[in-house]
There are 2 protein chains.
Amino acid sequence: MPRHTSQSHDGPKISDATVKRLSKYYRTLQNAISAEKTTISSEEIARLNGLTAAQVRKDLSFFGAFGRRGLGYNAVDLHRNIGQILGLHRTWNVCLVGAGNIGTALAHFRQFAEQGFLFKLILDSDPAKWGTKIGDLEIQDFERCDDLVKREKIKIAVVAVPGLAAQKAVDRLVAAGIKAILNFAPVTILVPPGVYVRNENMVIEIEALSYALTSKGGHRPRTGTLPVV
Amino acid sequence: MPRHTSQSHDGPKISDATVKRLSKYYRTLQNAISAEKTTISSEEIARLNGLTAAQVRKDLSFFGAFGRRGLGYNAVDLHRNIGQILGLHRTWNVCLVGAGNIGTALAHFRQFAEQGFLFKLILDSDPAKWGTKIGDLEIQDFERCDDLVKREKIKIAVVAVPGLAAQKAVDRLVAAGIKAILNFAPVTILVPPGVYVRNENMVIEIEALSYALTSKGGHRPRTGTLPVV
DNA sequence: GTGTGTGAAGGGTTTCACAGCA
DNA sequence: TGCTGTGAAACCCTTCACACAC
């Protein structure tokens, strides 16, 4: 059985669900380390995230064998390994597109910087905003995105523009060399193969809650609906 | 074969994925109606959302037979039917918890109100904020959440508090009668059965992008990664 | 002919259960 | 004994392909 150590890029296709759970484990381990825990079991990681221990072990097993039988996982080691898998052992320069309500809030959102995602560029198409600052970054003309994205070698963009402007903005960003997009515009955007998008559509999420309340009992979301521990 | 018309609550369990797609169809239909289209095919709904026509038809088939063979769907009828399914034929009163960067941005986010989700209550635990307004709503003491949530008969809360405060805040909200939570705090919160949560964890999403870029080719997110049409 | 509605097939993810090792 | 690592089973979701209605 191919036992690849952490790096991963070959091997079986890893599901989106697994990747998102690894993110959770990563944060769980950060907390465990802060609390001076040296060892942690799949059982405990699972409990803290509302999952099963088998799920945790299976997720990790795609990337290697990080634990010790009978003992559990070394918190620091596993944290470092997951960091490598997810590409969090480095920092990423990020471009923010759209400096409205949501965009401005995201620019101030601490967790991004804490996990190594650094805004280096803020673009907006409203001339009134050009030259004004968010933090210590000046808002710049979106029309210049080609030059600026290339100059800063930015691969990740966070898009927070109105729905109608989103697809066009994304097309420009992709042409400028952006390879991954976190989209907060309330529309599903389409991109060419090789570019990754995550649509963070808050309207869809709240409508899913509406459905759950409307069709009581018929359906239960999977995430986080476990008894309080 | 049980042919339930739109309402739905019995019948087969509907997957989360299906519910989220229905939200997309709903918006697609709104656009089609605005563009004066009277009829639309599963093929077209699919194309506009980067999905397959079979997927669209299957999703709808769980709730009834809304189309006409050889013709397609009546846009207005299907829109109304999906609205009924998702519980969007009514308005929902919503409580915002946490009036920081993200919370304030969400309070201003138009799409929520446009789809019938109305903020009626804004709570924060910072005394400095009490009495100040966002729009025409005064920020109130989170400690009063029991009374206020009950008085306004609110079932949905949008939580945008710091990670460390999130689980405690949610426990209070659930005790006050909240049944559905849209959580923007960067932690997975756990709730008792019968309460629905959606964790909108932006850090997880951006880390999934980091993974995609790090392990090029090994994995491809499913959503929205289709060729531009 | 056209496009829906739907069983059945196919593919993927989670859970199970136990072998294996400290 | 305790807990990981992992094939196999179970489950769920998507895709296929075609009967059927217009």
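Treat the numbers as computed from the prediction; the structure is a model and nothing was measured. Below, chain A is the first sequence line, B the second, and so on; all start at residue 1.
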Asker: Check the side chains of B:E205 and B:N201 for a donor-acceptor pair under 3.5 angstrom, ignoring hydrogens and angles.
Answerer: no
Asker: Ignoring hydrogens and geometry beyond distance, is a side-chain donor-acceptor pair present between B:T39 and B:N74 at under 3.5 Å?
Answerer: no
Asker: Are the side chain of A:N183 and the backbone of A:A185 linked by a donor-acceptor contact shorter than 3.5 Å?
Answerer: yes
Asker: It should be established whether B:S42 places a side-chain nitrogen or oxygen under 4.0 Å from OP1 or OP2 of nucleotide C:dT4.
Answerer: yes
Asker: Side chains of A:D59 and A:Y25 only: does a donor on one sit below 3.5 Å from an acceptor on the other?
Answerer: yes
Asker: For the backbone of A:G87 and the side chain of B:S210, can you confirm whether one donor and one acceptor N or O come within less than 3.5 Å of each other?
Answerer: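 Judged by distance alone, yes, a pair lies under 3.5 Å.
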Asker: Within this structure, what is the CZ-to-P distance between B:F63 and C:dT6, rounded to whole angstrom?
Answerer: 13 Å
Asker: Test: ring-ring contact (aromatic ring centres under 6.0 Å, His included). Region: residues 160-184 of chain A. Which pairs qualify, not counting sequence neighbours?
Answerer: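 Listed by first then second residue: nothing to list.
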Asker: Checking all strands, does B:A53 fall into the base, sugar-phosphate, or nothing category for heavy-atom contacts under 4.0 angstrom?
Answerer: nothing
Asker: Polar atoms only, N or O, under 3.5 Å: list the protein pairs with nucleotides 15-22 of chain D and their distances.
Answerer:
unit_1, atom_1, unit_2, atom_2, d
D:dT15, OP2, B:T52, OG1, 3.4
D:dC20, O2, B:R69, NH1, 3.0
D:dC22, O4', B:R69, O, 3.3

Asker: Please confirm whether the shortest side-chain N or O distance from B:Y73 to OP1 or OP2 of C:dT2 is below 4.0 Å.
Answerer: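 Checking B:Y73 against C:dT2: no side-chain N or O falls below 4.0 Å of OP1 or OP2.
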Asker: Kindly point out which of C:dG5, D:dT4, D:dT6 is positioned nearest to the side chain of A:S61?
Answerer: D:dT6
Asker: Rounded to the nearest Å, what distance is computed from the NZ atom of residue A:K13 to the C1' atom of nucleotide C:dG11?
Answerer: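 In whole Å, C:dG11 C1' lies 13 Å from A:K13 NZ.
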